[in-house]
Amino acid sequence: MESKSQDFFQKVFTVARQIPIGRVTSYGAIAVYLGSAKSARIVGYAMNASHGDLTIPAHRVVNRKGLLSGKHHFEGSNLMQQLLESEGIVVKDNQVQDFDKIFWDPCKVL
DNA sequence: CCCGTGACTTCCG
DNA sequence: ACGGAAGCCACGG
């Protein structure tokens, strides 16, 4: 059987898929929702694993400051920003504008 | 089993 | 207010 740790990854993937279009969330928010607020890094690690799963909009997941911390992991150098803007999200200098307004909190919604 | 790494977050100076 | 350092958990070698 799978260990709980691996389930953590699966949860991250599930939550990421539940992110509405035009909305973004933070690694910490997902970690808190999963019950491990201190595992924010693990969420990012999980996103890295989700990189092979196109069903997971990793570009909608940013750090607590709304900064596209993971954009460097996407193809090219501005793909993540292009995806966000394509969904109606305004991005400036690798930073999401109106982050507080488009912020989607899984723990609050779910 | 131990060590290193990482798409984060928070605290201290 | 800004910058640097530590803490944290999980995965891979």
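Quick note on labels: first sequence line is chain A, next is B, and so on, each numbered from 1.
Rounding to the nearest 0.5 Å gives a distance of 10.0 Å between CD1 of A:Ile30 and CG of A:Asp105.
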Test log, rule side chain to side chain contact (heavy atoms under 4.5 Å, CB included), inputs A:Leu84 and A:Gln81: CA-CA 5 Å; A:Leu84 291 170; A:Gln81 181 174 334; 5.6 Å; no
A:Gln95 and A:Val62: CA distance, side-chain angles, deciding distance, side chain to side chain contact (heavy atoms under 4.5 Å, CB included) verdict: CA-CA 9 Å; A:Gln95 185 175 320; A:Val62 296; over 6 Å; no
Intermediate values then yes/no, side chain to side chain contact (heavy atoms under 4.5 Å, CB included), A:Phe13 and A:Asp53: CA-CA 9 Å; A:Phe13 300 142; A:Asp53 193 325; over 6 Å; no
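If you measure from atom NE2 of A:His72 to atom C1' of B:dT5, you get 15 Å, rounded to the nearest angstrom.
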Base-pair map of DNA chain C as dot-bracket, where | denotes pairing with a different strand and pairs are Watson-Crick or G-U under 3.5 Å: .||||||.|||||
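For DNA chain B, no neighbouring residue in residues 93-110 of chain A is found when judged by any heavy atom under 4.0 Å.
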Under 4.0 Å protein heavy-atom contacts per nucleotide of nucleotides 6-13 of chain B, with B for base, S for backbone only and - for none: BBBSS---
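Partners of A:Leu54 according to the side chain to side chain contact (heavy atoms under 4.5 Å, CB included) rule, which considers only residues two or more places apart in sequence or in another chain, do not exist here. Contacts of A:Phe99 classified as ring-ring contact (aromatic ring centres under 6.0 Å, His included), with partners at least two apart in sequence or in another chain: A:Phe103.
Nucleic acid contact class of A:Ser36 (heavy atoms, under 4.0 Å, all strands): none.
Residue pairs meeting the ring-ring contact (aromatic ring centres under 6.0 Å, His included) criterion with at least one partner in residues 54-73 of chain A, sequence neighbours excluded, do not occur; the list is empty.
A:Met80 is not connected to A:Leu67 by any chain of hydrophobic side-chain contacts under 4.5 Å among Ile, Leu, Val, Met, Phe, Trp and Tyr, and they are in different clusters. Cluster annotation: A:Val61 and A:Tyr45 are assigned to the same hydrophobic cluster (Ile/Leu/Val/Met/Phe/Trp/Tyr, side-chain heavy-atom contacts under 4.5 Å, transitive).
The main-chain N or O of A:Trp104 is found under 3.5 Å from a side-chain atom of A:Thr25 such that the two form a donor-acceptor pair.
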